[in-house]
Amino acid sequence: MAQRSDIVVIGGGIIGLAVARRLSLSGSAVTVLERHRIGRGASWAAAGMLAPHCEFDEPDPYFVLCRTGLERYADFIETLREETGCPIDYNSTGVVFPALSDRGQARLETRYERHLRDGVSVDRLSVREARRLEPNLTNGIRMALRYPDDHQVENRDVVTALAQSVLKSGGVIREGVSARKILLDGHRVAGVDTTEGTWKTQTVVNAMGCRARYLDGIAPAWRVPVRPVRGQILALRGGAAPPFHHTIYTSGVYMVPRSDGRLIIGATVEEAGFRDEVTLGGVMQLFRDALELAPGLKTWALDSTWSGLRPVARDGWPVLGATGTPGLFAATGHGRNGILLAPLTGDLLAEAILHDRVPSVMRPFLPGRFYPARTGETNDERDR
């Protein structure tokens, strides 16, 4: 016998859970289908950086989206703690971005002037100032920038709390259930065929991460063009406290201190298909880059290594909103910003699904940008 749900979210990573939470809190009957365990893919593998200011050079629409997500994050964490009682480790110390060469210094000087012009909160640090803040940085740095508004969160805490919030608000989570295809009534969504039978629904959210393009049952031209990009990460442990107060970031590596004393070092960027193993080359690259920034880490113990597959769209931007199949919505393609954008994605998808509205910050990320124009249809009609 077919099961029924107002809305089915396919994918139980942090994006799918954030969308499901917002929809459940709004009174909808929501079912989350996850092919493995909730949140154990890219969401579990991430480092939890919430750092649009240090990661973006120019204030393009993607930066605006990420900054909007960051502005909402502290309130989201506080609300989630109150809803669930779950502890969530949230660090608002900021990010230090050092330069290790003359060329790197020139780039940071240019970036500093640009960010001042654009109104980004940024401090220029001399070598002495940077090493006073973070004594474990190498004395070979040339200067550094500090971004006080960039934060970090223990992403695994967020995943756990989101799942609890979905359940507390009446949502259903089904692990070990794979979606085979979308079922249509004419051109409109009518349900989902899965490995455990059929769910009847008129609204489906494709939050399948790097597998989003493989959702069957819809026209190939309307599939979401997302691919996996592997990121390998390792954790070191050397004592009761981590070696840094701030997240340390460069274009090649980042080091994220956790309150439990671990130091998270990541992440590689590899076109490796769906191969998610940890490789010797990847680990060596991370060690090499980390030791260049902080030679003292060579005495730290290797705690663990892991990898994840980030979902990256063809143009590198997230894919959010209504697709070319009525009733089917996309929430994927967040790349390395899935943790940062999860709460905002939940809010934006709720607006689109429940109120048929597209907030202005969401418009550049609509799936329609990938679709061929249909005869007699305007761009505005595709965007609605």
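Keep in mind that what you see is a predicted model, and the values were worked out from it rather than measured.
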Chemist: By the rule that ILVMFWY residues connect when side-chain heavy atoms come within less than 4.5 angstrom, directly or transitively, which residues belong alongside Leu125?
Modeler: Leu133
Chemist: For Gln285, does the CD atom have more than 12 heavy-atom neighbours from other residues, nucleotides or ligands under 6.0 Å away?
Modeler: yes
Chemist: Can you give me every donor-acceptor pair (side chain of residues 209-221, partner residue at least two apart or in another chain, under 3.5 Å) with its distance?
Modeler:
{"from": "Asp216", "atom 1": "OD1", "to": "Arg223", "atom 2": "NH1", "distance (Å)": "3.4"}
{"from": "Asp216", "atom 1": "OD1", "to": "Arg223", "atom 2": "NH2", "distance (Å)": "2.9"}

Chemist: If you look at every heavy atom in Leu70 and His53, which pair is closest and at what distance?
Modeler: CD2-CE1, 3.6 Å
Chemist: How long is the gap from CG on Leu50 to CG on Asp149, to the nearest 0.5 Å?
Modeler: 12.0 Å
Chemist: If I take atom OG from residue Ser126 and atom CZ from residue Arg142, how far apart are they, to the nearest 0.5 angstrom?
Modeler: 14.5 Å
Chemist: Counting only heavy atoms not in Arg37 (residues, nucleotides, ligands), do more than 12 fall under 6.0 Å from its CZ?
Modeler: no
Chemist: Under a 4.0 Å N-O cut-off, is there an ion pair linking Arg262 with Glu154?
Modeler: yes
Chemist: Do Ile15 and Leu349 have side chains that approach each other closer than 4.5 Å (heavy atoms only, starting at C-beta)?
Modeler: no
Chemist: Given the rule that I, L, V, M, F, W and Y join up when any side-chain heavy atoms are under 4.5 Å apart, are Tyr254 and Leu341 in one cluster?
Modeler: yes
Chemist: Among pairs that include at least one residue of residues 306-330, which meet salt bridge (charged side-chain N to carboxylate O under 4.0 Å, His left out), considering only residues two or more places apart or in two chains?
Modeler: Asp315-Arg369
Chemist: Could you please spell out the steps behind the salt bridge (charged side-chain N to carboxylate O under 4.0 Å, His left out) verdict for Glu270 and Arg275?
Modeler: CA-CA 10 Å; Glu270 304 170 77; Arg275 295 168 52 199; over 6 Å; no
Chemist: How far apart are the closest heavy atoms of Leu108 and Ala144, and which atoms are they?
Modeler: CD1-CA, 4.4 Å
Chemist: Do Glu109 and Met143 have side-chain heavy atoms sitting under 4.5 Å apart?
Modeler: yes
Chemist: Which residues satisfy the side-chain hydrogen bond (donor to acceptor under 3.5 Å, both in side chains) test with Asp57, sequence neighbours excluded?
Modeler: Arg111
Chemist: Does the side-chain contact (heavy atoms from CB on, under 4.5 Å) test come out yes or no for Leu65 and Leu348, once each step is laid out?
Modeler: CA-CA 11 Å; Leu65 185 77; Leu348 295 177; 4.0 Å; yes
Chemist: Check the surroundings of atom CZ in Arg4: do more than 12 heavy atoms from other residues, nucleotides or ligands lie under 6.0 Å from it?
Modeler: no
Chemist: Mind checking what makes ring-ring contact (aromatic ring centres under 6.0 Å, His included) contact with Tyr249, not counting sequence neighbours?
Modeler: Phe97
Chemist: Is any side-chain heavy atom of Val166 closer than 4.5 Å to one of Val30?
Modeler: no
Chemist: Is Leu23 reachable from Phe76 through a run of hydrophobic residues whose side-chain heavy atoms are each under 4.5 Å from the next?
Modeler: yes
Chemist: For Glu34, is there an ion pair with Arg40 - N to carboxylate O distance below 4.0 angstrom?
Modeler: no
Chemist: Are Thr305 and Gln232 close enough, and set up right, to give a side-chain contact (heavy atoms from CB on, under 4.5 Å), and what steps lead you there?
Modeler: CA-CA 8 Å; Thr305 62; Gln232 299 185 53; over 6 Å; no
Chemist: Just so I know, are the side chains of Phe56 and Asn337 near enough to count as touching, which here means a heavy-atom distance under 4.5 Å?
Modeler: yes
Chemist: Report yes if the side chains of Ile10 and Trp199 come closer than 4.5 Å at any heavy-atom pair, otherwise no.
Modeler: no
Chemist: Less than 4.0 angstrom from a charged side-chain N to a carboxylate O is my criterion; do Asp260 and Arg258 meet it?
Modeler: no
Chemist: Say whether Val159 and Met208 are linked into one hydrophobic cluster, either directly or through other cluster members, by side-chain heavy-atom distances under 4.5 angstrom.
Modeler: no
Chemist: Which residue pairs satisfy the salt bridge (charged side-chain N to carboxylate O under 4.0 Å, His left out) criterion with at least one member in residues 236-252, sequence neighbours excluded?
Modeler: Arg237-Asp303
Chemist: Between Gly171 and Ser24, what is the shortest heavy-atom contact and its length?
Modeler: CA-OG, 3.9 Å
Chemist: Would you say that Ser43 contacts Asn155 through its side chain, given a criterion of any heavy-atom pair below 4.5 Å between the two side chains?
Modeler: no
Chemist: Can Val8 be reached from Val177 by stepping across I, L, V, M, F, W or Y side chains whose heavy atoms are under 4.5 Å apart?
Modeler: yes
Chemist: Is Val229 isolated, or which residues cluster with it under the ILVMFWY side-chain rule of less than 4.5 Å, directly or via members?
Modeler: Val269, Val312
Chemist: Ala179 and Val192: which non-hydrogen atoms are nearest, and at how many Å?
Modeler: CB-CG1, 3.8 Å
Chemist: Mind jotting down which residue pairs meet the ring pair (Phe, Tyr, Trp, His ring centres under 6.0 Å) criterion with at least one end in residues 100-140? Sequence neighbours excluded, please.
Modeler: His115-Tyr147
Chemist: Does the side chain of Glu129 reach to within under 4.5 Å of the side chain of Arg124, using non-hydrogen atoms?
Modeler: no
Chemist: Heavy-atom count around Asp185 CG within 6.0 Å, excluding the residue itself: above 12?
Modeler: no
Chemist: May I have the list of side-chain donor-acceptor pairs in residues 83-90 shorter than 3.5 Å, sequence neighbours left out?
Modeler:
{"from": "Glu83", "atom 1": "OE1", "to": "Arg21", "atom 2": "NE", "distance (Å)": "3.1"}
{"from": "Glu83", "atom 1": "OE1", "to": "Ser165", "atom 2": "OG", "distance (Å)": "2.6"}
{"from": "Glu83", "atom 1": "OE2", "to": "Arg21", "atom 2": "NH2", "distance (Å)": "2.7"}
{"from": "Thr84", "atom 1": "OG1", "to": "Leu80", "atom 2": "O", "distance (Å)": "2.8"}
{"from": "Thr84", "atom 1": "OG1", "to": "Cys86", "atom 2": "N", "distance (Å)": "3.1"}
{"from": "Asp89", "atom 1": "OD2", "to": "Ser259", "atom 2": "OG", "distance (Å)": "2.8"}
{"from": "Tyr90", "atom 1": "OH", "to": "His151", "atom 2": "ND1", "distance (Å)": "2.7"}

Chemist: If you look only at distance, which donor and acceptor atoms sit under 3.5 Å apart when one is on a side chain in residues 317-331 and the other is two or more places apart or in another chain?
Modeler:
{"from": "Thr323", "atom 1": "OG1", "to": "Thr325", "atom 2": "N", "distance (Å)": "3.2"}
{"from": "Thr323", "atom 1": "OG1", "to": "Thr325", "atom 2": "O", "distance (Å)": "3.4"}
{"from": "Thr323", "atom 1": "OG1", "to": "Leu328", "atom 2": "O", "distance (Å)": "2.8"}

Chemist: Which heavy atom of Leu354 sits nearest a heavy atom of Ser28, and at what distance?
Modeler: CD2-OG, 3.6 Å
Chemist: Are any of the side-chain heavy atoms of Arg72 and Leu344 separated by less than 4.5 Å?
Modeler: yes
Chemist: Of all residues at least two apart in sequence or in a different chain, which pass the side-chain hydrogen bond (donor to acceptor under 3.5 Å, both in side chains) check with Glu292?
Modeler: none
Chemist: Hydrophobic clusters join Ile, Leu, Val, Met, Phe, Trp and Tyr when side-chain heavy atoms are under 4.5 Å apart, directly or via other members; which others share one with Trp300?
Modeler: Val96, Leu100, Val127, Leu137, Ile141, Leu234, Leu236, Phe244, Ile248, Val253, Met255, Leu263, Ile265, Val278, Val283, Leu286, Phe287, Leu291, Leu293, Leu297, Leu302
Chemist: With hydrophobic residues grouped by side-chain heavy-atom distances under 4.5 Å, do Trp44 and Val32 end up in a single group?
Modeler: yes
Chemist: Check for a donor-acceptor pair, side chain of Gln152 on one end and backbone N or O of Ala47 on the other, with a separation under 3.5 Å.
Modeler: no
Chemist: Quick check: closest heavy atoms across Asp6 and Thr201, and the distance to 0.1 Å?
Modeler: O-OG1, 2.8 Å
Chemist: Given side-chain contact (heavy atoms from CB on, under 4.5 Å), test Arg230 with Leu309 step by step and report yes or no.
Modeler: CA-CA 4 Å; Arg230 184 170 68 192; Leu309 300 176; 3.9 Å; yes
Chemist: What distance do Glu351 atom CD and Ser26 atom OG have between them, rounded to the nearest 0.5 Å?
Modeler: 9.0 Å
